[in-house]
Amino acid sequence: MSPSRKRAPSPTPPLIEPARRESLRAGLLAWYDRQKRDLPWRRTRDPYAIWLSEVMLQQTQVATVIPYWERFLQRFPTVEALATAPLPDVLAAWRGLGYYSRARNLHLAAQDVVARYGGKLPSTAAQLLTLRGFGRYTAGAVASIAFGEPAPLVDGNVARVFSRLFEVEGLPGDRVREARLWALATELVSPERPGDFNQALMEHGATVCRPDNPLCLLCPVREDCLAWRHGRVNELPPAKVRAAPKRMTLALAVWAHAGRLLLARREEKGLFGGLWELPAAEIEADTPDPESAGKLTQALGTPVRVEAVLGTVRRQLTHRSLTLRLLRVTGSTHPTRAPAFRELRWCTPEEASSLGMSTAMHKALEAALEAGVLPA
DNA sequence: TACGCGTGGGT
DNA sequence: TACCCAAGCGT
């Protein structure tokens, strides 16, 4: 073929036929307008409040998030208020919600928004992606819901809905599958109502196109669903294989002195990063208690000896089985800083209970107090 | 790239 | 009871 006869590159054919695309958009939006839940973040247009909801909702269910979202906004009503707050205060407001790196990243991003954007969240997915804690999903969610940009998004719900609607094969995490899901989301998102449409997709996945026992008879787009037509709804998407949780054992120092307990704040990364705890040192499961005393001595930077074993608290995380051994310890000097920790503080029980602390450590603290380490 | 990172609701 | 896993991100 001579260069003069070369045609312009033909556009890639759409993944979804235009008629079907319109039918899906209309069906899902009409269903959403009738059936959407009355969620508190759907009553605001404040981009910061919407951003906060999206971060809290990562890997966390709606019912769990609602009270946290309301309390957090009362405590930190604006990006500026959040940016200027000390991290430990932010983590205290996040206590019990889990995945604490979300709170650390939110805090960093708020400071970035103040520094780079005068405290106003940027309005495009591309700009949002440059902020800590914004991945492809959250950037698309905030851009579409808070700012009306027709940006696509794919979360666990959307992945499930699409894998059924379009019979997308492959295991979760498969690159080809992920690329196809995002391409479908990009074609399908409504240019007129992108935020509502994206929420409609997720709401549909959460309430109708559920993982188990999907309510196909109530589905507004059943006739457009390939898995429904082919009787494959229950085999799509394939379940993801989950690694067995790893065991971790911690020795906890329960050190009482003058009516106070020694608390420590962890380094700001990894498990429970930045949170307060009874000073902890990782040990092997079968470590004898004198050896645990050695580990705690190292962590605290001052000699401690174990006076008694107060008990054991077990806690199951998704990816870890935690065993916390509570050791009543004492020593001749009372440290106020230590090599393994960000901060140390001698706390009354009341002070301790207001600190940002994981649920696991909160249970350990309760067990220590019930054991009578601080006689009234 | 695959793994580390929490918690509580649902069944 | 003991699983399942939910509006993901960072490394």
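Residue numbers start from 1 in every chain, and the chains themselves are labelled A, B, ... in the order their sequence lines are given, proteins ahead of strands.
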Strictly distance-based, threshold 3.5 Å: is any side-chain N or O of [X] a donor or acceptor partner for the main-chain N or O of [Y]?
{"X": "A/Arg247", "Y": "A/Ala285", "answer": "no"}
{"X": "A/Asp174", "Y": "A/Glu169", "answer": "no"}
{"X": "A/Glu235", "Y": "A/Arg232", "answer": "no"}

Rounded off to whole Å, could you give me the [atom1]-to-[atom2] distance for the [X] and [N] pair?
{"X": "A/Arg132", "N": "C/dC9", "atom1": "CZ", "atom2": "C1'", "answer": "9 Å"}
{"X": "A/Lys269", "N": "C/dC9", "atom1": "NZ", "atom2": "C1'", "answer": "18 Å"}
{"X": "A/His319", "N": "C/dC9", "atom1": "NE2", "atom2": "C1'", "answer": "13 Å"}
{"X": "A/Gln59", "N": "C/dG8", "atom1": "CD", "atom2": "C1'", "answer": "5 Å"}
{"X": "A/Arg102", "N": "C/dA6", "atom1": "CZ", "atom2": "P", "answer": "14 Å"}
{"X": "A/Met357", "N": "B/dG6", "atom1": "CE", "atom2": "C1'", "answer": "16 Å"}
{"X": "A/Asp155", "N": "C/dA6", "atom1": "CG", "atom2": "C1'", "answer": "9 Å"}
{"X": "A/Leu322", "N": "B/dG8", "atom1": "CG", "atom2": "C1'", "answer": "16 Å"}

Hey, is the side chain of [X] poking within less than 4.0 Å of OP1 or OP2 on [N], counting only N and O atoms?
{"X": "A/Tyr99", "N": "C/dG10", "result": "no"}
{"X": "A/Arg242", "N": "B/dC5", "result": "no"}
{"X": "A/Arg320", "N": "B/dG4", "result": "no"}
{"X": "A/Arg104", "N": "C/dG10", "result": "no"}

For B/dT7, does the base pair up with any side-chain atom of A/Thr318 as donor and acceptor (N or O, under 3.5 Å, distance only)?
yes

Has the side chain of A/Thr60 got a donor or acceptor that lies under 3.5 Å from a partner of the other kind on the base of B/dG8?
no

So, [X] versus [Y]: side-chain donor-acceptor pair below 3.5 Å or not?
{"X": "A/Gln58", "Y": "A/Thr138", "answer": "yes"}
{"X": "A/Glu54", "Y": "A/Tyr137", "answer": "yes"}
{"X": "A/Arg102", "Y": "A/Thr60", "answer": "yes"}
{"X": "A/Glu149", "Y": "A/Ser144", "answer": "no"}

If you find the nucleotide of DNA chain B closest to A/Gly98 and the one closest to A/Gly173, which residue's nucleotide is nearer the 5' end?
A/Gly173

Closer to the 5' end of DNA chain B via nearest nucleotide, is it A/Ser101 or A/Asn213?
A/Ser101

Pick base, sugar-phosphate or nothing for [X], based on heavy-atom distances below 4.0 Å to the nucleic acid.
{"X": "A/Leu271", "result": "sugar-phosphate"}
{"X": "A/Lys246", "result": "sugar-phosphate"}
{"X": "A/Trp94", "result": "nothing"}
{"X": "A/Leu39", "result": "base"}
{"X": "A/Leu97", "result": "base"}
{"X": "A/Arg37", "result": "base"}
{"X": "A/Gly96", "result": "sugar-phosphate"}

Heavy-atom contacts under 4.0 Å between residues 61-80 of chain A and DNA chain C, which residues?
A/Gln61

Heavy atoms of other groups near A/Glu284 CD, more than 12 under 6.0 Å:
no

Among A/Leu275, A/Leu97, A/Leu355, find the residue that satisfies the side chain to side chain contact (heavy atoms under 4.5 Å, CB included) test when tested with A/Leu91.
A/Leu275

Are A/Tyr68 and A/Phe72, when compared by the centres of their aromatic rings, separated by less than 6.0 Å?
no

Take A/Leu317 and A/Val154, find for each the nucleotide of DNA chain C with the closest heavy atom, and name the residue whose nucleotide sits nearer the 5' end.
A/Leu317

A/Gly205 or A/Leu131, whichever maps to the more 5' nucleotide of DNA chain C:
A/Gly205

Consider the side chain of A/Lys240, meaning its heavy atoms from C-beta on, and name the nucleotide among B/dT7, C/dA6, B/dT1 that approaches it most closely.
C/dA6

Can you say whether the rings of A/His319 and A/Tyr99 are parallel (under 30°), tilted (30 to 60°) or perpendicular (over 60°)?
parallel

DNA chain B contacts among residues 135-146 of chain A, heavy-atom distance under 4.0 Å
none

